[in-house]
Amino acid sequence: MAEIVRSLRLYLLLQRACARGVMQYRMNTVIGVLSGALWQGTGFAFVWVVMHTFPSLAGWGLAEIAFLYGLRLTAHALAMIPMMSVHDIHWVVRNGEFDRFLLRPLNPLVQLMGNKMGMSQLGDLLVGATLLAVTARNVPVDWNAWLVAYCVVAVAGGALIEAAFFLALSALSLRMVDTSALRVFVDDVFSRFGSYPMKVFGGVTEWLLTFVLPVAFVAYVPAGVVLGKLDSPWALAGPLLGLVLITLAYLIWKRQLDHYQSVGH
């Protein structure tokens, strides 16, 4: 536990240093945040157009779809803010920079995560949190402290699920060098399918997005529980799955790290 606390503290210090560097170019920082917000805003605009053409999708109205979208986007942003630097792992390995991480008395993963700050992901978080705040007033839910706390836990669980897949696939770059195409594909599946009720896809696709690539547990299952569309026994499935997957992803990282060879070998 002491090592986890130490790693977290050092990660926050590294991110603070990155933030200070980024803020030296304030206009570029603003553009980065706004670009992320505009990108996600256009994504929700497409959903809005679809919902005005089809007022209901698998029994979900516009406000409910918007709540689902906000839940997924918030979880995605919280996953990618610390993982954005890991996205560049193939360049770090290819350029030999990862060797320097191994020489320092700090977990290489913490160093990699603290190596860069993703500004567009802050824009994602802004849009996701705004959608949640606005739609929470429009969905047919009798809010109480327990439901609010559950939403917080559910978002954290969804973030862990996405981060787990991203970390596990990134870890393969320690041996395969470049797995960016596979990471982009998985991220695209989470983004494209995670913003809609799984019942829309039905059949084999719904089963695959639930039990093979667990997109459903990022936002659909938590949103369904909050909105009363799914039974409460599903409530903790997402957070528990997130803890299991992030643990497995870290074990995969350590396994791949044991077999890492410098690019000079």
Side-chain angles (χ1 to χ4, degrees), residues 3-26 28-37 39-40 73-126 128 156 158-188 190-191 242 245-246 249-257 260 262-263:
E3 181 61 26
I4 294 176
V5 173
R6 175 176 176 269
S7 296
L8 179 60
R9 183 176 65 84
L10 291 174
Y11 166 73
L12 293 175
L13 288 174
L14 289 172
Q15 283 293 282
R16 181 182 176 185
C18 287
R20 292 177 64 181
V22 166
M23 289 305 295
Q24 297 299 314
Y25 307 94
R26 296 182 181 180
N28 188 60
T29 300
V30 172
I31 292 174
V33 174
L34 289 179
S35 65
W39 176 259
Q40 297 299 340
L73 185 55
T74 303
H76 171 74
L78 291 177
M80 293 309 298
I81 287 174
M83 285 291 162
M84 195 57 211
S85 185
V86 182
H87 181 69
D88 297 330
I89 187 172
H90 54 289
W91 293 114
V92 174
V93 171
R94 185 174 295 170
N95 295 334
E97 186 179 350
F98 193 77
D99 293 1
R100 294 192 299 160
F101 294 164
L102 298 176
L103 297 175
R104 299 168 182 164
L106 178 62
N107 189 323
L109 179 58
V110 175
Q111 296 181 65
L112 182 61
M113 290 170 60
N115 198 41
K116 178 182 177 182
M117 174 173 280
M119 302 312 300
S120 62
Q121 285 67 43
L122 294 177
D124 297 352
L125 181 60
L126 178 64
L160 288 177
I161 292 173
E162 284 207 42
F165 277 90
F166 198 84
L167 176 59
L169 295 175
S170 296
L172 298 179
S173 291
L174 295 175
R175 298 178 73 178
M176 300 169 59
V177 181
D178 193 351
T179 59
S180 57
L182 186 56
R183 295 198 307 272
V184 169
F185 169 75
V186 172
D187 179 68
D188 196 46
F190 273 99
S191 298
L245 290 179
I246 199 66
Y250 185 67
L251 292 176
I252 291 173
W253 166 269
K254 292 187 68 175
R255 177 69 175 173
Q256 298 304 309
L257 187 61
Y260 171 74
S262 176
V263 289

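Remember, predicted model here, so these are calculated numbers, not experimental data. The residues of the chain are indexed from 1 along the displayed sequence.
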> Under a 4.5 Å cut-off applied to non-hydrogen side-chain atoms, are Val92 and Phe101 in contact?
Replying inline: yes
> How far does CZ of Phe185 sit from OG of Ser180, to the nearest 0.5 angstrom?
Replying inline: 14.0 Å
>> What's the separation between atom CG in Asn107 and atom NZ in Lys254, rounded to the nearest 0.5 Å?
In response: 8.5 Å
>> Rounded to the nearest 0.5 Å, what separates atom OG in Ser173 from atom CG in Leu182?
In response: 9.5 Å
>> Looking at every heavy atom in both Ala79 and Ala163, which two are closest together, and how far apart are they?
In response: CB-N, 3.9 Å
>> Does Arg183 qualify as a cation-pi partner of Phe166, given the criterion of NZ or CZ under 6.0 Å from the six-membered ring centre and within 45 degrees of its axis?
In response: yes
>> On a heavy-atom basis, which atom in Ile161 and which in Gly242 lie closest, and how many Å separate them?
In response: CG1-CA, 3.6 Å
> Rounded to the nearest 0.5 Å, how far does CH2 of Trp253 lie from CG of Leu174?
Replying inline: 4.5 Å
>> Any non-hydrogen side-chain atom of Met113 less than 4.5 Å from a side-chain atom of Val86?
In response: yes
> What's the shortest heavy-atom distance between Val93 and Tyr260, and which atoms?
Replying inline: CG1-CE1, 4.0 Å
> Is any side-chain heavy atom of Glu162 less than 4.5 Å from a side-chain heavy atom of Asp187?
Replying inline: yes
> Shortest non-hydrogen contact from Ala77 to Gln121?
Replying inline: CB-O, 3.7 Å
> Is there a side-chain contact between Leu257 and Leu109, using heavy atoms and a 4.5 Å cut-off?
Replying inline: no
>> Using side-chain contact (heavy atoms from CB on, under 4.5 Å), reason through Ile81 and Leu125 one step at a time and then give a plain yes or no.
In response: CA-CA 9 Å; Ile81 287 174; Leu125 181 60; 4.1 Å; yes
> When rounded to the nearest 0.5 angstrom, what distance separates NE2 in His87 from OG in Ser170?
Replying inline: 8.5 Å
>> Please check this pair: side chain of Gln111 against backbone of Leu106, looking for a donor-acceptor N/O pair closer than 3.5 Å.
In response: yes
> Of the non-hydrogen atoms in Leu73 and Gly128, which two are nearest, and what is the gap between them?
Replying inline: CD2-N, 3.6 Å
> Counting distance only, does the side-chain N/O of Asn95 pair as donor-acceptor with the main-chain N or O of Glu97 below 3.5 Å?
Replying inline: no
> Rounded to the nearest 0.5 Å, how far apart are CG of Leu167 and CG of Leu245?
Replying inline: 11.0 Å
> Which heavy-atom pair separates Leu112 from Ser85 by the least distance, and what is that distance?
Replying inline: O-OG, 2.5 Å
